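Have a look at the structure below before the remarks.
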Amino acid sequence: MSVTQLKALQAYSSALVAEDCLAGTFRYDVVSGEMQWSDEIYLIHGYQRGDVVPTIGVVMSHKHPDDRKRCREIFEEACRVGGFFASYHRLVDSRRRERRVLTAGEGVADIDGRLLFIDGFILDLTKTLQLETDRSARDAIAGAIGARGVIEQAKGVLMGILHIGSDAAFERLCAYSQRHNIKIADVAAAILRLANNTQEPNPLLSLVHAVDGRVVGHHEGGRTLHRQR
């Protein structure tokens, strides 16, 4: 990795810090065994510059115990033969907080091909992954709330036509869903689509009675209500 590329990585890491995503660079001298960290690498490990002298021993001590052996093997291989390497793994900082990080680097050789340095960077993906998890959870909750609203409206249709209570209406929806392997929300949505078609009440009544278990056929506007997994 050239000096220009290393500076580019340092600039990149600084830009990422502004977005609450830590990324920093490191250099390992293969000959002397000395290691240099950028300020961000100290932060990822839970330190400030001057708190600790960076060494391979310190680096490996912060790898998650279940990932340490693999990380050591990858790094030692890079020190022997050079080339590019990358590893996604867990890191435990000085405050015992677990982080998910991507470590990548490349061996730098002299003009005779002798390996001199390992230059690389560590990208802390913990917050990014947490944000994605939170977003997925919010989407799932929103979808569940939306589906619940559809089901509640469909229950109201069944209650009005069949003159039954709320619990009985829900039980019929569940039973129909299980018999035909159709999601409850899809059955409810079909009922609402037909209920909104005030010009042709017969398809709605046919489906409602099918949900009630009175008829075998179940069609929506003359079309079979297909199963959806």
Side-chain angles (χ1 to χ4, degrees), residues 1-140:
M1 187 176 294
S2 66
V3 174
T4 301
Q5 290 172 313
L6 186 60
K7 288 182 177 178
L9 276 176
Q10 291 170 336
Y12 177 60
S13 67
S14 298
L16 286 175
V17 170
E19 298 296 328
D20 294 327
C21 181
L22 280 175
T25 57
F26 66 86
R27 165 169 282 193
Y28 175 68
D29 188 319
V30 177
V31 179
S32 68
E34 294 181 354
M35 177 169 278
Q36 300 174 17
W37 285 355
S38 68
D39 290 340
E40 293 81 11
I41 301 295
Y42 282 97
L43 292 176
I44 289 173
H45 287 82
Y47 299 115
Q48 296 289 334
R49 184 177 290 278
D51 289 346
V52 67
V53 176
T55 64
I56 291 298
V58 170
V59 170
M60 292 303 164
S61 71
H62 282 284
K63 304 303 183 186
H64 189 282
D66 293 340
D67 298 339
R68 188 175 296 144
K69 182 175 182 293
R70 176 172 57 87
C71 291
R72 183 181 295 277
E73 289 173 349
I74 291 173
F75 193 77
E76 288 178 350
E77 179 72 9
C79 290
R80 283 196 301 270
V81 300
F84 176 81
F85 70 92
S87 172
Y88 172 70
H89 56 273
R90 291 162 294 179
L91 178 154
V92 181
D93 70 13
S94 64
R95 296 173 60 183
R96 310 309 299 170
R97 296 172 300 186
E98 184 177 301
R99 299 175 182 267
R100 304 293 178 122
V101 302
L102 173 67
T103 300
E106 188 173 12
V108 179
D110 62 15
I111 57 175
D112 296 322
R114 291 189 297 267
L115 192 63
L116 299 177
F117 304 103
I118 299 292
D119 279 345
F121 66 92
I122 299 178
L123 176 62
D124 183 359
L125 300 171
T126 309
K127 288 187 177 181
T128 301
L129 293 174
Q130 185 60 53
L131 287 173
E132 289 298 321
T133 300
D134 291 346
R135 185 178 297 112
S136 297
R138 288 195 301 269
D139 290 345

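All values derive from a computational prediction rather than experimental measurement.
Rounding to the nearest 0.5 Å gives a distance of 11.0 Å between CD of E106 and CZ of F121. Interatomic distance, R49 CZ to D39 CG, rounded to the nearest 0.5 Å: 4.5 Å. Interatomic distance, H62 NE2 to E98 CD, rounded to the nearest 0.5 Å: 14.0 Å. Taking CD of Q36 as the start and CZ of F26 as the end, the distance is 12.0 Å to the nearest 0.5 Å.
Using the six-membered ring where Trp is involved, W37 and Y42 have ring planes that are perpendicular, over 60° apart on the 30 and 60° scheme.
Taking all atoms of both residues into account, the shortest heavy-atom contact from C79 to L115 is O-CD2, 3.0 Å. The nearest pair of heavy atoms linking G24 to S38 is CA-OG, 3.3 Å. Heavy-atom minimum distance, A23 versus L123: CB-CD1, 3.5 Å. Closest approach of G46 to S94, counting heavy atoms only: O-OG, 2.7 Å.
No side-chain heavy atom of H89 sits less than 4.5 Å from a side-chain heavy atom of L102. The closest side-chain heavy-atom distance from R97 to R99 is below 4.5 Å. Taking 4.5 Å as the limit, every side-chain heavy atom of M35 sits out of range of all side-chain heavy atoms of T55. Proximity of T25 to D119: side-chain heavy atoms (C-beta onward) are nowhere separated by under 4.5 Å. Two residues are said to be in side-chain contact when any heavy atoms from C-beta on lie closer than 4.5 Å; Y28 and V59 fail this criterion. You'll find the side chain of K63 stays beyond 4.5 Å of the side chain of F75, heavy atoms only. Residues H45 and I122 are in side-chain contact: their nearest non-hydrogen atoms beyond the backbone lie under 4.5 Å apart.
One finds a salt bridge joining D110 and R114 here, because a Lys/Arg side-chain nitrogen approaches an Asp/Glu carboxylate oxygen to under 4.0 Å. Residues E73 and R70 are not paired through a salt bridge, judged by the lack of any N-O separation under 4.0 Å between the basic side chain and the carboxylate.
Tested against Y88, the residues L125, V101, T103 include a single side-chain contact (heavy atoms from CB on, under 4.5 Å) partner, L125.
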I would like to know whether V30 and I118 meet side chain to side chain contact (heavy atoms under 4.5 Å, CB included); could you show each step before the answer?
CA-CA 7 Å; V30 177; I118 299 292; 4.0 Å; yes
Given side chain to side chain contact (heavy atoms under 4.5 Å, CB included), test R100 with R90 step by step and report yes or no.
CA-CA 5 Å; R100 304 293 178 122; R90 291 162 294 179; 3.5 Å; yes
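No donor-acceptor pair under 3.5 Å is formed between the side chain of H64 and the backbone N or O of L91.
Counting heavy-atom neighbours within 6.0 Å of Q48 CD, excluding the residue itself, gives a total of 12 or less.
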